Amino acid sequence: MEFAWNEADAAFRRELVEFLDRELVGWERSETGLGSAVHSDFSRGFVRRLAERGWLTPHWPEEYGGGGQGAWQHFVLGEEMWKRGEPRGPQYMNVNWVGPSVIKYGTQEQKRRILPPITRGEVFWCQGFSEPEAGTDLAALKTRAVRDGDGYVLTGQKIWTSYANEADHCFLLARTGSAADGRDGISVFLLPLRTPGVEVRRISGFVGDHSFNEVFLTEARVGADCLLGEENKGWEIVRRTLAYERVGAPRYARAALVLDRMAERCRADGLLSDSGVRERFGQARALCEAARVLVYRVIDERAKAKEPSALANQARAAMVQAERAVGDLALDALGGEALVEGALGDAQFRNSLGAGIAAGSYEVQLNLISRLILKLPKE
Amino acid sequence: MSIALTATPEQRVLAEAVRDYCAAHCTEEVRRAGSGSFPWPFWRGLAELGVLSLAAPGEGGGAGDIAAACTELGRAAAPGPLAATVFAVHALPADLAGPVGDGTGLPSVGEPPLLPWAPLAEVFIETDGREAWLARPVGTVQPVETLGGEPWGRAGLERLRPLERVPAATALSGIALAAYLWGAGRRLLGIAAEHARTRVQFGRTIGSFQAVAHPLVTAGAALTSAEKLTTMAALAIDGGHPDGAALAASARLSASRAAVEAAMVAHQTLGAIGFSVEGPIGPVAQRIRQFAASPGHAGDLGEQALARYSRKGRR
């Protein structure tokens, strides 16, 4: 068992941190710079500079424009980005699972067409999963894809589609089978959002600059080359995708950093001499550390090319707990200053509200853990 | 235990009047009014109902009436510096309390440099939770936005003179906050329960899943205990009982915790819908979190609640 970072990964982190300290001057806009901010112009330029150094997709195979590095280096990248408010913008979706899904399930033509623009940092993708009637119960989705000649016609509605207003393409789920087929009638489409019949409308949300959208599909016609994998076999791709998504954003890294900054402030105010306050800090810190090691276990699994398991659910649940504990403490410990828009408390509270909902609800994670790890029967 | 923890007929009439008024006038636009768009007609209407002057010493309605009115305002998610108004009306001399009670001047009650409602306030009160002073801002007030959508500001204060009746004013404003918070928590819990009864996933209403139902139940129990504690504290204050102030601090702590829990549960039940600014719970949940973390001397609440027991221990 090895707890330390190996020299190559540690050196990579040092080099990366230096680069980020240089590149991200002026990027931290609020008191904290820790919001889930997206400034698409900045991000588009920034990811190209990352790509020039091979730091956008270091974990991809070299034949697809990757660096042939391991899962750990990719994860170091994720930690350092997330700590800084994810300056890659929505790009983390491309590199965490859109690209990997295409690598695993795409045709040669799709790989040639889709992967190079991602590795060069030229495109943004979004994820078209949730629908008004299909949230936690994703397999109830109704958006239809009807075979028509040499392509498909897409009709339906997606909702809560993060960054669809910024994105060029959508990793879209649609029903190719009948409703009765449930998860066996779903396919994945790689949809260019400029396709006629696709309309994106923004929904105003309150989690930082995070943008939510509705995506309306009205007889949008795409070629058969937009289908990823086999028709009606999309659920397997989704399962894999969700496993990557659950730990793709190392939220504990930001929570731990928020906690450090809070501790600095409380120490300056003399609050850390209070044993009650110290205990709260200790507990929150322990939750961040617990989440970190559980996520590392998932990365280890991935580095060894094992199938995704319930460890990802466990790690996700732990991250939710850590984010919530830090959010609560920020508002309790920092008094009125925590409430000012953009302050640590305000930002962390908004983020922690979403933690238990994004990438599969907290309750679903617990259900999966109870079934898969504790072997309890289904409700 | 022979005292009923229920509202008196007079308090029920008052509550009904506030409820009806809010139903007619606390529109979505009023509810969302942020900085720069304070809903003065709504606020003056509350004054005409007598709600803003309930805490006037000697002639006001007392803690029970404040609780009854503020609960309804919480249920309606009404905006405005309610607890500060209660504090100011009770502690200020009559000539200065007048404009606050008749809804023509807003009070800012807090500790510099971060002052609630400062950009709109006409009367400034500095308080550390034990003492309070009439004050005036030094220099310009620099406005800031807050989590709960209230216009606050940064400014220094110059103390003009000490105020009287501060412990009683603190207790009464604690009652106002407690009542508002559990009322607002009840509003969110109601919305969440309705969603759980009607939203279908996996072929069932989601409320039939225990993972969804149990947190709603637990949050409801916490709100009910906060409600009863608030009523008890108000009775103690109105009856001149020595535990009144400590009970008010307990009620405020209890309602803060219960309302925050209700807000979290409502978010978890409504999922992404909760994050829409136009959605039914987001802004209310944020205001609850703001009130629950109220600035200044909030950290002393636990000590005030504990004081009740240490005093007993010394007896």
Side-chain angles (χ1 to χ4, degrees), chain A residues 130 132-140 159-162 182 202-207 210 212 214 271 274 276-277 320 324 327-328 330-343 345-350 352-358 360-367 370 378-379, chain B residues 35 110-116 144-150 152-154 199-204 206 208-212 214-215 256-257 260 263-279 281-283 285-287 289-299 302:
Chain A
S130 293
E133 305 300 323
T136 296
D137 183 10
L138 184 56
I159 193 165
W160 314 121
T161 317
S162 300
R202 283 199 74 161
I203 304 170
S204 301
F206 61 72
V207 184
H210 190 108
F212 289 120
E214 293 176 286
L271 282 169
D274 181 305
V277 174
V320 173
R324 287 179 177 172
D328 259 358
L331 288 172
D332 291 345
L334 301 179
E337 288 293 340
L339 302 170
V340 175
E341 201 172 69
D346 171 77
Q348 183 62 24
F349 176 70
R350 289 170 196 257
S352 68
L353 274 181
I357 291 159
S361 78
Y362 183 64
E363 290 75 12
V364 166
Q365 312 297 344
L366 297 190
N367 280 342
S370 74
K378 228 176 156 170
E379 188 174 16
Chain B
S35 48
E111 269 185 307
L114 187 58
L115 301 169
V144 296
E145 300 290 329
T146 58
L147 176 66
E150 290 186 346
W152 287 16
R154 287 185 202 284
R199 167 80 169 172
V200 175
Q201 292 281 270
F202 303 103
R204 302 156 57 174
I206 60 170
S208 69
F209 292 103
Q210 292 184 343
V212 175
H214 288 183
S256 296
R257 189 181 49 78
V260 168
M264 294 301 286
V265 170
H267 264 293
Q268 205 57 29
T269 306
L270 269 84
I273 298 163
F275 294 98
S276 165
V277 169
E278 279 89 33
I281 61 169
Q286 287 171 253
R287 187 175 299 151
R289 199 61 189 86
Q290 177 144 336
F291 283 13
S294 228
H297 47 274

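Every chain is numbered from 1 and lettered A, B, ... according to where its sequence line falls, protein lines coming before strand lines. Keep in mind that this is a model prediction, so the values were computed, not measured. Basis for what follows: all heavy atoms, side chains included, without hydrogens, waters or symmetry-related copies.
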To the nearest 0.5 Å, what is the distance between [atom1] on [X] and [atom2] on [Y]?
X: Ile206(B); Y: Glu363(A); atom1: CD1; atom2: CD; value: 9.0 Å
X: His267(B); Y: Ser352(A); atom1: NE2; atom2: OG; value: 9.5 Å
X: Trp152(B); Y: Glu337(A); atom1: CH2; atom2: CD; value: 9.0 Å
X: Ile357(A); Y: Gln268(B); atom1: CD1; atom2: CD; value: 4.5 Å
X: Ile273(B); Y: Ile159(A); atom1: CD1; atom2: CD1; value: 7.5 Å

Any side-chain heavy-atom pair of Leu147(B) and Arg350(A) under 4.5 Å: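 Yes, close enough: below the 4.5 Å cut-off.
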Restricting to non-hydrogen atoms, name the atom on [X] and the atom on [Y] that form the minimum distance, rounded to 0.1 Å.
X: Leu339(A); Y: Gln290(B); result: CD1-CG, 3.7 Å
X: Phe202(B); Y: Asp137(A); result: N-OD2, 2.5 Å
X: Leu331(A); Y: Ala293(B); result: O-CB, 3.6 Å

Asp328(A) and Arg289(B): CA distance, side-chain angles, deciding distance, salt bridge (charged side-chain N to carboxylate O under 4.0 Å, His left out) verdict: CA-CA 9 Å; Asp328(A) 259 358; Arg289(B) 199 61 189 86; 3.5 Å; yes
Donor-acceptor under 3.5 Å (Gln201(B) side chain, Thr136(A) main chain):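 Indeed, once roles are kept as given, a pair shorter than 3.5 Å links the two residues.
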Evaluation steps, side-chain contact (heavy atoms from CB on, under 4.5 Å), between Thr146(B) and Asp346(A): CA-CA 8 Å; Thr146(B) 58; Asp346(A) 171 77; over 6 Å; no
Of the listed residues ([options]), which shares the most heavy-atom pairs with chain B below a 4.5 Å separation?
options: Ala140(A), Ala139(A), Gly135(A), Ser130(A); answer: Gly135(A)
options: Val364(A), Asp332(A), Asp274(A); answer: Asp332(A)
options: Gly182(A), Ala134(A), Ala338(A), Ala333(A); answer: Ala134(A)

Derivation of the side-chain contact (heavy atoms from CB on, under 4.5 Å) call for Glu133(A) and Val200(B): CA-CA 8 Å; Glu133(A) 305 300 323; Val200(B) 175; over 6 Å; no
Set of residues satisfying side-chain hydrogen bond (donor to acceptor under 3.5 Å, both in side chains) with respect to Arg199(B), sequence neighbours excluded: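 Once residues adjacent in sequence are excluded, Arg199(B) has no partner under the side-chain hydrogen bond (donor to acceptor under 3.5 Å, both in side chains) criterion.
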Toward chain A, the part of Thr269(B) with a non-hydrogen atom under 4.5 Å: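 Neither part; nothing is under 4.5 Å.
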